[in-house]
Engineer: 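Sharing a structure here in C-alpha cells format.
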There are 2 protein chains.
Amino acid sequence: MAGRRAETTEANRARLLAAARAAFAVHGFAGASMDELTAAAGLTRGALYHGFGDKKGLLAAVVAQVDGEMAARARAAAAAVGDDWEALLAEAAAYIEMALDPEVRRIVLLDGPAVLGDPSRWPSQNACLAETRDTVARLVAAGTMRAVDVEAAARLLSGAALNAALWVAASDDQAVALPRALDAFALMAEGLRAR
Amino acid sequence: MAGRRAETTEANRARLLAAARAAFAVHGFAGASMDELTAAAGLTRGALYHGFGDKKGLLAAVVAQVDGEMAARARAAAAAVGDDWEALLAEAAAYIEMALDPEVRRIVLLDGPAVLGDPSRWPSQNACLAETRDTVARLVAAGTMRAVDVEAAARLLSGAALNAALWVAASDDQAVALPRALDAFALMAEGLRAR
DNA sequence: CTCTTTCGCATACGAACTGTATGTGAGTTG
DNA sequence: CAACTCACATACAGTTCGTATGCGAAAGAG
C-alpha cells in the first residue's frame, strides 16, 4: 500500500515548506502573507495551520531545513582540507560565504533569532552551531587549540563569522570586503591556536 | 517665550520614546501594540504617527537612544583603564555585560537588525560600532594591534562580543557562562595583537 | 486686543492579517 | 460496503497598522 494518504500529505508539506522558504526570504517573516504563501503552493491556510501549528512553527521548520543544509555544507568544506586548523578556517569561510545568500541571511540570521529566540535553544538544535562545536572540541582534544571552553569558543567563532557575513553583505563592495573579513577572521582565530 | 509649544512637544516625544522602549523590550517589536503603547504614554497613535512616521521610525528612534547610551558606557569603561590593549578588552566586556540587559538584547541585537537591516546602515550610524572602530583604529595606529582592516576587525570584535552575550543570556547558568565568554574573548582577541 | 494662520494631536475609517471553529470529501478500516 | 478518520477548505471574529480628516490651542500679523 505505502499509504496513499501519507504520500500526498508529505508532498504537500514539502510544497508548503518551499513556498514559505521563498516567501520568508523575499518579504521577511513579518511581511510574508500566509494567504499568498499557501496559494503559491496550491493550498490554503487550513493546510498550513494543520501541519505547522502557527506562523512561528512554519518558520521553525524552514529554519531547521536551511540550518541543516548549512551544517552539511560546512562539514563538507572542512572535510576537503587536510590540516585540522585549516579545516576550522575553511568551515568559517564556508559560513561566511553561505551567509552572503540573502535567503540564509534573512531567515537564519535575522528573523530566526528575532522570532524564535537564541539559536542555541532552537528546536532544530542548530546543526550549524553543533558542527562548529564538534570541530572546536576536536581541536582542543588534539591540542591544536588552546584549552578554552568549547561552548564559548564555538559560539564566539560562529558569531564572529556570521556577523562578518552580515557586514560583507551590507558593504558597498562585497568583492573587497569579503577577503578582508576572511583575513581578519583568520588572524583573530589565531589567538585560540596552541603555541 | 522659550516656545511653550515646542516644549510640550518635546516632552510628549520623550514620553512616547520611553513608552515605546518599555513596550518593545517586553513584547518585542512585532508584539508591541501602538494603541497600548501610546495610551501608556497618555497620548494616542495620532501623536506617534505625527512624530515618528510609522512603527519602524519609532523603533529607529528607540534604537538610536539605546545605542547611544551603550556607546557612552563603553567609552567610559575603556577610559577607566590605563593600558590601551586592556581598554579594548574592557570595552568588549562592557558590551557583553550591557547585552545581558533584556532591553538591550531584544531591541538592539534582535529586533533592530531584523527590522531596520544591518547596523552599519542604521540612521543612528550605530554609535556603538563606531566606538569600537575608533578604538581599533587607535590600536592599529599605535602598533598595538596588527595591521588589519579596521572596519573588518571592529565588526568581528563587536560581533563576537554581542553574540557571546546572546549565548550567555540564553545559558542556564549565566554566572558560569559569563567568565568563560570573557576568557575566550580575551584569548581570541589576542590573535589580533601585535607580537 | 483681535483676527488669522499654523500645527500638534485626536478621532474615524478602511484594509489586511492571524488564528480558530466548523464543514467536507477522499482515503482507510473492519 | 458501511462507518470512520483526518487532511484540508471555508467562514468568521478579533486585532492591528496606516491614512484621512477634524479640532483646538499656541503663535504671528495688523
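Basis for what follows: all heavy atoms, side chains included, without hydrogens, waters or symmetry-related copies. Only a predicted model underlies this, so the values are computations on that prediction, with no experimental measurement involved. Here is how names work: the chains are called A, B, and so on, in the same order as the sequence lines, proteins then strands, and each is numbered from 1.
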Engineer: Quick one: is H50(B) getting a side-chain N or O under 4.0 Å of the dG8(C) phosphate, OP1 or OP2?
Structural biologist: yes

Engineer: Take R45(A) and G51(A), find for each the nucleotide of DNA chain D with the closest heavy atom, and name the residue whose nucleotide sits nearer the 5' end.
Structural biologist: G51(A)

Engineer: Has R75(B) got more than 12 heavy atoms of other residues, nucleotides or ligands less than 6.0 Å from its CZ?
Structural biologist: no

Engineer: Separation of F52(A) atom CZ from dT18(C) atom P, in whole Å?
Structural biologist: 15 Å

Engineer: Counting side-chain heavy atoms from CB outward, which of dA10(C), dT18(C), dC17(D) is closest to A47(B)?
Structural biologist: dA10(C)

Engineer: I'd like to know whether CZ of R106(A) has more than 12 heavy-atom contacts from other residues, nucleotides or ligands below 6.0 angstrom.
Structural biologist: yes

Engineer: From the options dA10(C), dG19(C), dA7(D), select the nucleotide whose nearest atom is closest to the side chain of L43(B).
Structural biologist: dA10(C)

Engineer: For A32(B), report the nucleic acid contact type (base, sugar-phosphate, nothing); a contact means any heavy atom under 4.0 Å.
Structural biologist: sugar-phosphate

Engineer: From C-beta outward on S33(A), which listed nucleotide comes closest to its side chain: dT19(D), dA10(C), dT18(C)?
Structural biologist: dT18(C)

Engineer: Closest approach of Q174(B) and V168(B), non-hydrogen atoms and distance?
Structural biologist: CG-O, 3.4 Å

Engineer: Could you tell me whether T44(B) contacts a base, only the sugar-phosphate backbone, or nothing, with contacts defined as non-hydrogen atoms closer than 4.0 Å?
Structural biologist: base

Engineer: Distance check: side-chain N/O of N12(A) vs OP1/OP2 of dA7(D), anything under 4.0 Å?
Structural biologist: no

Engineer: Please check if the side chain of K55(B) supplies one atom and the backbone of Y49(B) the other of a donor-acceptor pair under 3.5 Å.
Structural biologist: no

Engineer: How close or far is atom P of dA10(C) from atom CG of L16(B), stated in whole angstroms?
Structural biologist: 9 Å

Engineer: Looking only at the side chain of Y49(A) (C-beta and beyond, no hydrogens), which of the listed nucleotides dC9(C), dT18(C), dT19(D) gets closest?
Structural biologist: dT18(C)

